[in-house]
Structure formats: C-alpha cells, structure tokens
Amino acid sequence: MTSTLQPTATTEAVRRPDRWLALSVLVLAVLLVAVDATVLGLATPYISEDLAPSGTQLLWIGDVYSFVIAGLLVSMGSLGDRIGRKRILLAGATAFGLISVLNAYATSPETMIAARALLGVAGATLMPATLALIRNLFHDPRERSLAIGIWGATASAGTAIGPIVGGFLLEHFWWGSVFLINVPVMVVLVLVGVRTLPESRTPNPGPWDLLSVILSLVGMIGVVYAVKEAATHGVTWVSLGTGLLGAAALFGFVRRQLTLPIPLLDMRLFRNRGFSGAVLADLLTILGLSGLVFFLSQYLQLVQGRAPFEAGLAELPAAIGAVAAGLAAGRVARRFSVRAVVCGGLAAIGLALAALTTIGPSTGYPVLGAVLLVVGVGAGFSFTVTADVILGSVPKDQAGAASAVSETAYELGAALGIAVLGSIVTGVYRGFSAPAGTPQGAHESLGGAVEAAGHMPAAPAAEMLTSARGAFVDGLSMASAVGAAVLLATAAAAWLMLRNERLETHPGSEAADQ
C-alpha cells in the first residue's frame, strides 16, 4: 500500500504566504529540545558538585526527562489533535521556558528531579505538534519534503550544537546557564508563533480517554525504566517486575484502542506497511546508533583527552552530513525510490559503524571525522524520508498521533540501544587488568578510573589508565560491531517493508483545517 493521496488542493492552502516563517518557529522548538537533550550530560559533574545528589538521585536527574517524554508522547500528540496543535505547541513552549528557569535555579536534588520531570511533560507536547503542523502547513508534497528535511536537519544540528554551546557556557558561567538559554528562544517562538502558525485539529476527535493515557504512561515508563535499570545494575527483581508491569500496561493500551469507537491512537495505522516499516526503521536505527552517540563523547574526552568544547566541535561532521542529506532527501527519494534512499542510508551507517571496530586509543581525527560524516549523511537521508513516509501515510487529522508514534520509536530505540550496547561496553570494560591498589570504582566506569587516578601514585595511575582506556575502546569496538549488524539487518528489513512506497508528487485532496 502506498502513501499517495489524490492530487487536488486549493491554491490558497498550498501557497500559504507565511508558511516558511511559520516553519522557522517550528524548527526553533525542535532545536531547543535537541540542545536540551545533550547539554545535561556536560553539566552533570557541576550539578553533582553543587547539589551533592546520591548515585540514585543522579541517575534520576539524567533519566526522568526521557522517561516522562517517552510515556507522554502518544497522549500529547493525540491531545493536540483534539484541542489544537498550535494551542498545545504554544502552551508547551511557554511551560518549557518557565520550567527551564526552575531547572537553572534548583537548590536540591529533589527539586532538580521534579523540574526535569516537568520539563519532560512540556517537551512531550513539542515534537509531535511540530511535525503535525508541518503536515498542515505544507500541502504541496515537494515543499513538505523540504520542510521535513529542514526540521530533521535542525534536530541533527541541535544535537551537535548542544555540546558546543554547553561547553562554552560551562567554561564561562555556572551550570544553570545551560537551561536559561531556553528562555529567550521560547519567547521568540511564542511571539512569532501566535501570529504565523495556523490552528488545526481533528474535526470529530472524540473524548481524550484518561485510562488510555494512564496505560500509555505506565507502559512506556515501565519498559524504558526496566531497560535502563537492567543496563545499569543487571537484571533484578525490580527491573523484571517493572518491565512486566510496563508490558502488561502496553498490552492493555493496545486492547483498549481496538475497542474504543474513537481511540487515542488508531492501531489500524500499523496495517499500512509503509508506516510500520518507517517506524520500525527509526526504532532500530536509533538502537544501533546509540552506542556511537552515547560513548563517542566519552572516547573523545576521556580516552583522547579533548576538552568538552573541542569534543563538541569534533562531532560536527555528523551534523553537517545530516543537514546536507536531509535537505536533499525528498528530491533524491523521488528521483530514485523511497526504499533505495532509506536502505542506502541505513547501510551507510552500518558500514561506518563497522569501520569503528578498527579504532584504537590514538586513532587520528581524519578517520573519526570521515566516519561521523558518513553516519550523518546516512541518518539525514533515512530519517528524513521515513518521517515523510509516516506523515504521508496517514490522514491529516491523525498527523499528531502518527508523529507521536515516530517520536516514541526514537525514545524507545535510544533506551534499548543504551541498555544493550551499554551493557556490552560496560561488560568488556570492567574486566580490564589493573595494578594492585586500584580502587573498585575504577572498574565501574572510565570516568571513575580517571577520578581514581588522581588519588594514586603516578606510575600505577598511568598503568591503570592505559589499561582502562584500552578496555573501553575494546568495548566500544564490540558495541560498534553489534550496532553495524543491527543497521545492516534493518536495511534489509526496510528493503522488504518499503517496497512500492512512494512519496507524494502532487498536493493532497484534504483541505486545511483552519
């Protein structure tokens, strides 16, 4: 089944004069979410020193944001379909800015955890609404492909900009500054968005089923928490029980959607092979890439000794490649085919990850930069086209729910990837040989080894660090091999599932929901 719609639309709907200015508002929201997801990692050492959280509290500070976002994306996407996507985007943006101030001035670990959770609630309103509004702003399929390319390129750029901006701010200001940068951007977003964004909603949305919301929230948080807990502490009764509770809640959520007259999420969307194939490709791609994204910064800083700002700059080729490929993806997919572009992009990422299996502690930057560039190009092509397929596969009034499914696949893929690949890296790392007198904490993480070295005599410390860094690189190589296998298998699956899929070439027949 293809995603092609009938080729008629009003000229006014297709040529809305301020649509590109409206798009700039949407990409501002995407940029802030992407930057916020990366700056916390750099600020964590400073937050630890200032707020003195326990180990468990520190984990919650890092994880609760993604837990809440994963649990609420589908519900917030559906809520936007009902009450208005512009309304929920502007309300969420306002909340995001205000809660960022609470994050910046948190005075205790408990306040910080609560602030990060609230920021997750606000963040969950932004991503589905941005894609859904693109679906309603751009009725010409070629323009929509370009708009989605810009949207995806901005997300990629934000991921790269985050460490650079964060590194600069942390070198000159206190850790709260990495959150306060959200405020002026959100002010601009709201002021311009009020004037330029069109309102759109589902014509007959039905009630927002609270039980479905609770089941979705419990299910996603339970599964994501269990995966991360198992990665950190191994499989325990807590992680197993939480995972089973989450799986049961998700099963209940699916069963309830199939029985409701107007469900929160129409499960029939997954009958469309193109939609299902695109969502599966996104989930598995993020899963396979998580090892690179999560551990490369540690490799650049703790193995090769780069400063945070320099490490951020070193990751720029990935963003450059993603931006360039994302802007060209729609045109290339129409010139060749959806599955050729998606599968080619996934295969390129897989081969780049395979190349990382050969790196060592002293691998030169030209090799790393080339690998990152290929990863960026592959991701730019595949993610942009799958987003276009997902939006084009559903009626306009379900764009918010479909976008939320896509974003949920990202969050779940990241959680699974960090759990699976993180377990591989940690398992290999912990077995490194160390001289007598090495603290046990050095075997827990490479950061712990670097800290422990500062309290050891020079010769044993140097020996221990050399061994620890070598073990970390061995673990990263093994995780890259697994990631490469996942990406190449995903490319093969996408080749089958995206057969006959085409991007639209003419405006759809649906009128804008103004």
**Study point:** Residues Ile390, Asp282; criterion side-chain contact (heavy atoms from CB on, under 4.5 Å); working and verdict
**Key:** CA-CA 11 Å; Ile390 288 169; Asp282 287 348; 3.8 Å; yes

Is [X] reaching over with its side chain to a backbone N or O of [Y], donor-acceptor style, under 3.5 angstrom?
X      : Y      : answer
Arg339 : Trp495 : yes
Ser467 : Met464 : no
Gln304 : Tyr365 : no
Ser276 : Arg273 : no
Glu463 : Ala459 : no
Ser177 : Trp174 : yes

Practice item. For Leu250 and Val254, run side-chain contact (heavy atoms from CB on, under 4.5 Å): C-alpha distance rounded to whole Å, both residues' side-chain angles, the deciding distance at 0.1 Å, then the answer. Key: CA-CA 6 Å; Leu250 289 179; Val254 172; 5.6 Å; no

Are any of the side-chain heavy atoms of [X] and [Y] separated by less than 4.5 Å?
X      : Y      : value
Ile359 : Ser477 : yes
Thr357 : Leu476 : no
Leu368 : Leu300 : yes

Check your understanding: In chain order, what residues pass the ring-ring contact (aromatic ring centres under 6.0 Å, His included) check against Phe381, with sequence neighbours excluded?
Key ->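 Residues passing ring-ring contact (aromatic ring centres under 6.0 Å, His included) with Phe381: none at all.
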
Exercise for review: Take Phe383 and Thr285, measure what side-chain contact (heavy atoms from CB on, under 4.5 Å) needs, and give me the verdict at the end.
Suggested key: CA-CA 9 Å; Phe383 285 138; Thr285 303; 3.6 Å; yes

Check your understanding: For Phe251, does the CZ atom sit with more than 12 other heavy atoms under 6.0 Å from it, leaving out its own atoms?
Key ->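 No, because the 6.0 Å sphere around CZ of Phe251 holds 12 heavy atoms or fewer from other groups.
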
Point to revise | Phe173, CZ atom: more than 12 neighbouring heavy atoms under 6.0 Å | key: no

**Study point:** For the student: nearest non-hydrogen atoms of Leu373 and Pro317, plus distance
**Key:** CD1-O, 3.5 Å

Practice item. Would you check if there is a donor-acceptor pair between the side chains of Ser108 and Thr111 at a distance under 3.5 Å? Key: yes

Point to revise | Phe472/Val428 under side-chain contact (heavy atoms from CB on, under 4.5 Å): CA gap, chis, key distance, verdict | key: CA-CA 7 Å; Phe472 181 86; Val428 173; over 6 Å; no

